[in-house]
Amino acid sequence: MDKRKKIIIYNIISDLLILLSSATAFAICWARRNYPMNQNRTVYFVMTSDVSGHDSGTALSIIKGFVLPAIFVFAAYRILLLFLSRRGVNVKIRRICAVSGILCAGTFLTAIVIFKAWRYPLIASSVKAAPVYSEFYEENYIEPSSVTVTPPAKKRNLIVVFMESMESSYADVENGGVFEKTPVPYLQELAKTHTNFSHNGNVGGGINLEGTSWTVAGLLSKLTAVPYFAPFVKKNGKTVCLPNAVSLTDILSEQGYTSIFSIGSEKQFENRDAFFESHSIDVHDIKWYKENGFIPKDYQVFWGFEDVKLYEIAKKELEVLGSGEAPFCYQFLTVDTHFPYGFKCSSCTDDEFDHQMMNVLYCADRQLSDFLQWVQAQVWYENTTVVILGDHCYLSAPKNNFIEELSVLPPEQVEESRHFLNIIINPSGNLKNVPEIVQKNRQFSSFDIMPTILEAMGNTLSEDGIALGRSLYRNVPTLVEEYGRNTVETETMRRTVQYEKLK
């Protein structure tokens, strides 16, 4: 090979290495601001699911975050080489190629160390490992088919508001949270005046276990009382999700309920459609609302459409459900408070705080207040139980944790305070006043939500719980209280024979 061809090849290689190393360096910074990269299992499960239907700002964020900066660095590098060559400086392209190779290797090694990337093959291996027989499941899993669920004489309607990333820690310090001034004063007051199962003696919530700590995992675990651990399989060419598990909606469907789940985004993201459609849920997403004239066909903001529209749609659908003969279960998932920065819609005009996420929370709190006041004015409200749940805790990024940044408490105390919020409003008559010994200073997880909701609706369970969940209305220990968080996570985050049977 002649010298000229070698120089061309070295130039191409060095160009690629410079571009790759700069893109990797900027990508590290971008990811640490925008994603929970310290939660490896969450990242793995999300990235191995269907991620189409992501929020509309992600592509732009990627371009601005590391694509354009990498191109700028590359352009500067080429301009510098051109400048030096025109000045007569003898540039050793082989040395540049060697240095750029070291830089590229260094940035990749840095990424591996910072993101603990060696864990991903281990997670993949655990997901694909041969199933093991679990004594933990054998001793603690209550087979749903063995539980008799007896509805009340008059079946109660159910409304569940899953609020994106809503934590009990958003309360002020005086009421069990971490902020000097709460961005969610209405939710804080609701938690104080209605049933709020709490990890402390004030406003509190449940533990964000592994396998329950992002949206689809939070929904799945709260509705089926089992964790998210590679729950999707293909059957007859269709993706299904734990068809042999029993969800809250499966039970209510057998009781004659009409079940709708409403979301302002696309249902297929993270295979949510497979979960919904495997468990007796009629899901209405942005595509459904566009097809049925609720939303303009060309409308798209953030993840789809904002919560102010979602609440108005919920009112319209509840008016129809409330006028029918069948009892209803209406659930919906808000999105404006999604990490990393939330979405400040046109109705969020009050800037009470100096941080966007706090103002978005403040707006979300007001929107919920308006919605609940409307619900409580309806003729069917007296026979309706309303449950408010954080789908999971805020997925803070390593370099973007507004909770820790703005809290008046030390970081370690902030982390201990972070629990998903739960509030139960207008439960069945005999459960309106829950003794403090049952309601406060509890340790529980998403698994315990499903049996608790069933009892809040007036159902009688023949056992203390269902699957891995225990009803919080009963003075019996939850699995977290009995075994501790670490043991529960260890036992549920491995491939077991019992879990595989649910597929």
Distance only, no hydrogens: is a donor on one side chain within 3.5 Å (strictly under) of an acceptor on the other, for [X] and [Y]?
| X | Y | answer |
| --- | --- | --- |
| Asn157 | Thr384 | yes |
| Arg272 | Ser265 | yes |
| Tyr394 | Ser169 | no |
| Glu189 | Thr193 | no |
| Tyr186 | Gln373 | no |
| Asn426 | Gln376 | no |
| Thr337 | Glu164 | no |
| His284 | Glu317 | yes |
| Arg470 | Thr478 | no |
| Asn383 | Lys154 | no |
| His392 | Thr215 | yes |

Inset, instruction - Give me the one residue out of Val283, Thr224, Thr239 that meets side chain to side chain contact (heavy atoms under 4.5 Å, CB included) with Phe275. - result: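 Exactly one pass, corresponding to Thr224.
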
Legend entry - Matching residue for Phe328 among Leu158, Ile260, Leu318, Val320 - test: side chain to side chain contact (heavy atoms under 4.5 Å, CB included):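 In the set Leu158, Ile260, Leu318, Val320, the residue that makes a side chain to side chain contact (heavy atoms under 4.5 Å, CB included) with Phe328 is Leu318.
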
Do other residues, nucleotides or ligands put more than 12 heavy atoms under 6.0 Å from the [atom1] atom of [X]?
| X | atom1 | result |
| --- | --- | --- |
| Lys64 | NZ | no |
| Glu254 | CD | no |
| Asp354 | CG | no |
| Phe72 | CZ | no |
| Glu382 | CD | no |
| Lys399 | NZ | no |

Could you report the tightest heavy-atom contact between [X] and [Y], atom names first, then the distance?
| X | Y | answer |
| --- | --- | --- |
| Trp380 | Gly322 | CD1-CA, 3.5 Å |
| Ser168 | His199 | OG-CE1, 3.9 Å |
| Ser278 | Asp250 | O-OD1, 4.4 Å |
| Arg366 | Ser347 | NH2-O, 2.8 Å |
| Glu167 | Cys393 | OE2-CB, 3.3 Å |
| Thr182 | Val184 | OG1-N, 3.0 Å |

Mind checking whether [X] and [Y] have side chains closer than 4.5 Å, heavy atoms only?
| X | Y | value |
| --- | --- | --- |
| Val216 | Trp214 | yes |
| Pro185 | Asp365 | yes |
| Asn208 | Arg418 | no |
| Val149 | Gln255 | yes |
| Tyr170 | Leu361 | yes |
| Leu220 | Cys241 | yes |
| His279 | Leu242 | yes |
| Leu454 | Ile251 | yes |

Without swapping roles, check the side chain of [X] against the backbone of [Y] for a donor-acceptor pair under 3.5 Å.
| X | Y | result |
| --- | --- | --- |
| Asn40 | Phe115 | yes |
| Lys222 | Asp391 | yes |
| Lys503 | Ala230 | yes |
| Asp307 | Asp336 | yes |
| Asp350 | Glu352 | no |

Legend entry - Test: Cys363-Cys348 SG spacing under 2.5 Å: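 Cys363 pairs with Cys348 as a disulfide (SG atoms under 2.5 Å apart), so yes.
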
Inset, instruction - To the nearest 0.5 Å, tell me how far Ile62 CD1 sits from Leu68 CG. - result: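 Between Ile62 CD1 and Leu68 CG, I get 12.0 Å after rounding to 0.5 Å.
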
Please report whether the ring centroid of [Y] lies less than 6.0 Å from that of [X].
| X | Y | result |
| --- | --- | --- |
| Phe197 | Tyr473 | yes |
| His355 | Phe402 | yes |
| Phe343 | Trp303 | no |
| Tyr311 | Trp374 | no |
| Phe332 | Phe371 | yes |

Inset, instruction - Decide whether a cation-pi geometry holds between Lys309 and Phe294; the criteria are a distance under 6.0 Å from NZ or CZ to the six-membered ring centre and an angle within 45° of the ring axis. - result: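 Not satisfied by the 6.0 Å and 45° rule.
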
Is [X] salt-bridged to [Y], going by a charged N under 4.0 Å from an acidic O?
| X | Y | answer |
| --- | --- | --- |
| Arg485 | Glu489 | yes |
| Asp351 | Lys344 | yes |
| Glu277 | Lys267 | yes |
| Glu319 | Lys316 | no |

Inset, instruction - Show your reasoning for whether side chain to side chain donor-acceptor pair (under 3.5 Å) applies to Ser471 and Glu455. - result: CA-CA 7 Å; Ser471 173; Glu455 292 212 320; 2.7 Å; yes

Inset, instruction - Start with the C-alpha distance between Tyr289 and Ser262, add both sets of side-chain angles, then the distance that settles side chain to side chain donor-acceptor pair (under 3.5 Å), and finish with yes or no. - result: CA-CA 9 Å; Tyr289 289 121; Ser262 172; 2.6 Å; yes

Inset, instruction - Assign the ring pair Phe45 / Tyr228 to parallel, tilted or perpendicular, where the plane angle (0 to 90°) is split at 30° and 60°. - result: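 Rings of Phe45 and Tyr228: perpendicular, over 60°.
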
Legend entry - Phe276 and its ring pair (Phe, Tyr, Trp, His ring centres under 6.0 Å) partner, picked from Phe261, Phe269, Trp288: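 Checked Phe261, Phe269, Trp288 against Phe276; only one passes ring pair (Phe, Tyr, Trp, His ring centres under 6.0 Å): Phe261.
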
Inset, instruction - Check each of Gln439, Gln188, Lys440 against Asn196 using the side chain to side chain donor-acceptor pair (under 3.5 Å) test, and report the only one that passes. - result: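 Answer to the side chain to side chain donor-acceptor pair (under 3.5 Å) test with Asn196 among Gln439, Gln188, Lys440: Lys440.
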
